[in-house]
Number of protein chains: 12
Amino acid sequence: MTQILVVHGPNLNLLGSREPELYGSSSLADTDRALVQLAGELGAEIDCFQSNHEGEILDRIHESLHVDGFLVNPGGLGHSSVCLRDALLGVNRPFVEVHCTNIHAREEFRHRTLLSDVAAGVVSGFGWRSYLLGLRGLVDLIRAA
Amino acid sequence: MTQILVVHGPNLNLLGSREPELYGSSSLADTDRALVQLAGELGAEIDCFQSNHEGEILDRIHESLHVDGFLVNPGGLGHSSVCLRDALLGVNRPFVEVHCTNIHAREEFRHRTLLSDVAAGVVSGFGWRSYLLGLRGLVDLIRAA
Amino acid sequence: MTQILVVHGPNLNLLGSREPELYGSSSLADTDRALVQLAGELGAEIDCFQSNHEGEILDRIHESLHVDGFLVNPGGLGHSSVCLRDALLGVNRPFVEVHCTNIHAREEFRHRTLLSDVAAGVVSGFGWRSYLLGLRGLVDLIRAA
Amino acid sequence: MTQILVVHGPNLNLLGSREPELYGSSSLADTDRALVQLAGELGAEIDCFQSNHEGEILDRIHESLHVDGFLVNPGGLGHSSVCLRDALLGVNRPFVEVHCTNIHAREEFRHRTLLSDVAAGVVSGFGWRSYLLGLRGLVDLIRAA
Amino acid sequence: MTQILVVHGPNLNLLGSREPELYGSSSLADTDRALVQLAGELGAEIDCFQSNHEGEILDRIHESLHVDGFLVNPGGLGHSSVCLRDALLGVNRPFVEVHCTNIHAREEFRHRTLLSDVAAGVVSGFGWRSYLLGLRGLVDLIRAA
Amino acid sequence: MTQILVVHGPNLNLLGSREPELYGSSSLADTDRALVQLAGELGAEIDCFQSNHEGEILDRIHESLHVDGFLVNPGGLGHSSVCLRDALLGVNRPFVEVHCTNIHAREEFRHRTLLSDVAAGVVSGFGWRSYLLGLRGLVDLIRAA
Amino acid sequence: MTQILVVHGPNLNLLGSREPELYGSSSLADTDRALVQLAGELGAEIDCFQSNHEGEILDRIHESLHVDGFLVNPGGLGHSSVCLRDALLGVNRPFVEVHCTNIHAREEFRHRTLLSDVAAGVVSGFGWRSYLLGLRGLVDLIRAA
Amino acid sequence: MTQILVVHGPNLNLLGSREPELYGSSSLADTDRALVQLAGELGAEIDCFQSNHEGEILDRIHESLHVDGFLVNPGGLGHSSVCLRDALLGVNRPFVEVHCTNIHAREEFRHRTLLSDVAAGVVSGFGWRSYLLGLRGLVDLIRAA
Amino acid sequence: MTQILVVHGPNLNLLGSREPELYGSSSLADTDRALVQLAGELGAEIDCFQSNHEGEILDRIHESLHVDGFLVNPGGLGHSSVCLRDALLGVNRPFVEVHCTNIHAREEFRHRTLLSDVAAGVVSGFGWRSYLLGLRGLVDLIRAA
Amino acid sequence: MTQILVVHGPNLNLLGSREPELYGSSSLADTDRALVQLAGELGAEIDCFQSNHEGEILDRIHESLHVDGFLVNPGGLGHSSVCLRDALLGVNRPFVEVHCTNIHAREEFRHRTLLSDVAAGVVSGFGWRSYLLGLRGLVDLIRAA
Amino acid sequence: MTQILVVHGPNLNLLGSREPELYGSSSLADTDRALVQLAGELGAEIDCFQSNHEGEILDRIHESLHVDGFLVNPGGLGHSSVCLRDALLGVNRPFVEVHCTNIHAREEFRHRTLLSDVAAGVVSGFGWRSYLLGLRGLVDLIRAA
Amino acid sequence: MTQILVVHGPNLNLLGSREPELYGSSSLADTDRALVQLAGELGAEIDCFQSNHEGEILDRIHESLHVDGFLVNPGGLGHSSVCLRDALLGVNRPFVEVHCTNIHAREEFRHRTLLSDVAAGVVSGFGWRSYLLGLRGLVDLIRAA
């Protein structure tokens, strides 16, 4: 069965309360429930993980050699963390990058990420539904590989 | 019923034969069939349009005041055409931008488009399936609005 | 009698309906009527032409060797079309560049055009009246030459 | 009655003698006479002011709370004076920026000004007639407001 | 009573011993004592927190929904951490950014921070007294809001 | 027999009359005659095509799967059209890029083209003879392949 | 007794009326009164000076060899005047730079000043209270020197 | 006896399995064993430390006031962490920066690090042997000081 | 007899007391005396003028149509004043630009001036003797013209 | 009879052995033989010269006042040697620049040369045949002059 | 037996006398002696070569097809000579780049070299000992190949 | 007696014949004669040296430890040769940089040199007389030291 680790980066625990005009009002728990349900429909198994600590995220990725791919919302780390890029490359699994907001419509420093050019695919701007689209795309890519 | 115009920009008629290692081997007709089928499942009505002529694309967008949104793969126009951006803004409908390839993993001049910051959402890197994800996202956004 | 070709670039057919908070509520037909009337007062003859097709605009400019000057609102082409610049240089007639909006107050990529440094004069920011000011200036420049 | 202050920046007292191949041969007095005459035709009242001292220009703008708008040829200050921008914003009146020469066809550092994005409109390249066009545009903008 | 969280970023535990020619010889404990005393005089209550771990700082900010504002010396995180910016925006409280050294007089990469444009105010260059000035300013801003 | 399509981009129909101090006085018809004659000498068959419409050029390239290579003078499209690059890459044939003028001696924006790095060879600066040199080079490259 | 010259740059005479949403509603006279009072509390003597003329500000700084430091709000001169920097360096006294607004949250050209790297300290964003904080900081720095 | 702390940054625990075509097939344990052996030969004492947590690395550096120098492979932190730079400067000990890969032959963002200009020396490109060369160099520098 | 106006820009009245390690210990009066003496030897007549007011400098240049050339030390205005450039161009006389310090060895923003490309010659780095060298060069250039 | 000096810059003596996948397998001697033969056909006389010493190349160009033009493959000097540009300008003869490889398809620093804007024409990408095309073009240009 | 050519670029003959605070006091002869001794210990044979003439260095590299690798201190050529890069690539042998000083701690233009991305390894900052470390690394790389 | 070495860089042997509209019609021999005469008047001894070979210039500078200073016209090397800068720094003598033409009025790449920030003084734009002014300045600087 296809195994996926969903990685929620720093500050995503605030989903639903944080800048709701940008991020919407669904909480992280709501999002995870929707992801688990969709995974079930798609015949995949997912694990969801959130941390505000870059180091914990790196550790968790290193320990996930059993997964077939990662669904990653890097949060702010996407714009600054070479380490996150290196961890994902280091375990040699495809990953899809998702953003709730349209990063191209925000501050200049958010327009590029350090992950995009090595991601299998990128989805941004659909609110919490970006995760759902990303999960569909990731599962398809893994099965087509 | 939700009405969507799918716009395929220049050179997308070559889909399936053009640089298949980048763009995959599904033809444009295959893609349109899949889009029509998914639209049906989602309860939406779509029209698919391809042209190599920027002017024809602008004209078609102007004539589409009856649609609820656009699904746009701008092809090379995404990187150079201010007119396409202006046409989409001019008719005041939400649109989703899709790319078959991961534009962030290609030449520097493909990393940014003139549409992204005014798009409702962006999907790239999933091959012809980018269209399917984009369609799902667009329909959801229109209905959530 | 002084002969002028007025060139309206892509999307200007939407004038009046397109982003009215930016472009105002006068239609292109209104603007053309006002231009014809002012031309009459100034003793000039004008022809008005709009197209969303760069190629048609180039063709029309090439065929206009009988005119004394061009009044050009390039729309989005001003920021991307070297061909339009080359066409205007190629027929060797003075032209005035006009913009309804103040392009310096909009997105960074609109601040410069590929026409301005070879234009005889530039007018921007006065809404549809930019055309009237530009026509006055162009006729004066042609007669002073 | 519409009240306008015309501000001529540094070195414009040289108009007519200064680099005549660039600036033409009409003197500042000629220009002011033509402006007064046009203002009369338009039913507006204008006052003309020139100084080579940035400070005097700022003082004069501060003292002009009775005017409805400014017609400003900033001269070299347009490219360097944040203070002039701040003064015009500080008194909260619309202003039109004019340049006799086509600043886009000159040295790189003249292509942008610190006023353009906050101006109501910009006119450049028509010699001393830029002032006349600018005055027409300014009066129309004030009355349309 | 006004509640303030003082956040000392990475390496600030070294205050007093670290590069004393730049940072002065007061220790972090000295600084905290002075802050507590000034807070008392101002009728505010403060809590002081230092960590070398970005994740711990984010967690602490998230848990501080009871405070009225933050006094933040981001240390090196100011120049690299989008996550810190997002955390402060995420809890929607005003914050003042302080630096002991004059960051404009140091290496180029220290001249800008990722916090300054969303800070309520910024104080830099006064050594450990920057904190005191920042606290005064923050308390005033909170009370004036 | 080696088959070549010669593509003349926008404004090249003006050759001979357009800016003759830059482009020389031979007309496009003269150039095509010389190309046909040289092709005969080299044992190649050529077809010559000019259009001011990017879309027509793309269509024509797509329809030319029978040719062995392209000789392309992109005109202004060379500096702005990602679509032209994509069309040439899409049909997977070698092409040679030619310019009548020395593009390095002209405006900054002409110094680079979007075709050069994927062209088989580039010739610029020899007036209409650039085409002849380019044709020789292209035929040799095709035969050496 | 510690002697301080407070320098208010161009347009600061408008304080209270100028863009009040940015600068607040306290007038310059209010600010000066508050500064004099605080100076008294701190045991310092201050003189307050405003001018819209760069030259007058330079002259005044040159004549102030008796002061122990300067409190400077350079206004727009901070972004353009090398002369102001040179004058402050020329008299060899410490100075503190203050801004009412948060310059990092405004136009790009306001983010850096020509004074900051040679200032003893910088305070921005606290409205007219920036002056009070700056005065406290300056007096402390002078006494600690 | 010369005391050295070897700091392995994030992801270096993957050495041997991570992108072996780039990083080689020696594990971190192999590298540490070789370092300990060389240290013995050179009469130095080393301690080896790896963490994926920036904060733990900072803490460890702060606690290492007894060492004579650091041998640091910053991993991805070298390109983003001002805090690591500050920690190393804060404890005022010489350090040598090493990279297994040739960072100049990789992505643009890896060409510069935030440590190099304050390092005593830099070694890159020799695989795990970069550590050995760096250790030799560091011990020599410490003894020559 | 050759007539020269020597223009000393802002802050040069401080010569001798201002940053003597950079500017030397000769006063402006000393320098003027040496210039007058050298002018006498060269058979030229000079007038020396210093002001801290840009406007006064512009006025003085405008009134100097009787001189054959200008010897200009622009001080800080050289890096910011387009108006000074325009004034010198406006009166159409050759000028030599001098700097006491070597501007290339100072802050980045001093490396270029707005005068150099239109100056007849430039001398920098010889302290007050830069004036003497500049005067010799200017007189020679005027006589050779 | 038309006299041409062919200049082969540094490292071109390695032609045929150096990076053959880039430069092909014809040696410099082969190339020179082909050039001499073509020159004979064209009725021109050529001399071929190679050196790895910039100074020798400059000397040789200076001594070649009898030639009608230069055919120059600058090798690496094209990207760094202002002296080579100055030598070619100094002797005031037309020259054609050739490159065996397509410099636009290689490292960024090879995309521009210091010769191109002053060359009569440029040919790149046709392997050793670039020389033959360049010679044809140069002879034609000389005769057309 | 492993054969190495040591290349000392321009000005390295001054080692020991040149800027000793930067380069140390060991002469080039001292360095060569130490290199020869270490080579003996490592079972390699080295030849040492210094020249101030780029052309001589290129010639020498071309003649060194018998060596297994190069140890190169390019001196100033590292920052400007594409020819040196091309020569080293042209003979297709691994090379190690060394610098006595830490080039990252010096002038901006020294931070990057034209060799680093094609070097096998880079060592900088250890004074003359950089050569010794580089030799060790080079011999290991050659033997591991 | 003050000893000076005059260094004429590449292409300066062409002085008088090379681009005379830029460089004037005095030959290098004329210039050297004038320099010798002026040196005599100033009580200094000069030696003049010209070479087109960078290496010869470096060698000559290295051999000139007996001189008190250098008068250097670097020609094109000024814009590209780090080695020349290093040679001049390496022998630790003051030098004055001179240019016949005004380098600021020429191509962008000539506006900065690699020598200026370490030169004692710079003179440009006075034709061959730049050398005379430079010699005066150099002798004065040496004697004032």
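In this text the structure is predicted, and so the values were computed from the model without any measurement. A, B, ... follow the sequence lines: proteins, then strands. Residue 1 opens every chain.
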If the threshold is 4.0 Å, N to carboxylate O, is there a salt bridge linking G:Arg110 and D:Asp86?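 Judged by the 4.0 Å cut-off on N to carboxylate O distance, G:Arg110 and D:Asp86 do form a salt bridge.
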
Does any backbone or side-chain atom of G:Leu77 lie under 4.5 Å from a heavy atom of chain D? Answer side chain, backbone, both or neither.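 The answer is both parts of G:Leu77.
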
Is it the side chain or the backbone of G:Glu56 that comes within 4.5 Å of chain D heavy atoms, both, or neither? neither

Can you confirm whether D:Leu115 sits close enough to D:Pro74 that some side-chain heavy atom of one is under 4.5 Å from a side-chain heavy atom of the other?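 D:Leu115 reaches D:Pro74 side chain to side chain.
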
Side chain to side chain, G:Trp128 and G:Asp30, heavy atoms closer than 4.5 Å: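 They are not in side-chain contact.
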
Which atom of G:Gly75 lies closest to which atom of G:Leu12, heavy atoms considered: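 Residues G:Gly75 and G:Leu12, closest heavy atoms: N-CD1, 4.3 Å.
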
So which part of D:Ile57 gets closer than 4.5 Å to some heavy atom of chain G, the side chain, the backbone, both or neither? neither

Between D:Leu114, D:Leu84, D:Asp117, which has the largest tally of heavy atom pairs under 4.5 Å with chain G?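 Highest number of heavy-atom pairs under 4.5 Å: D:Leu114.
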
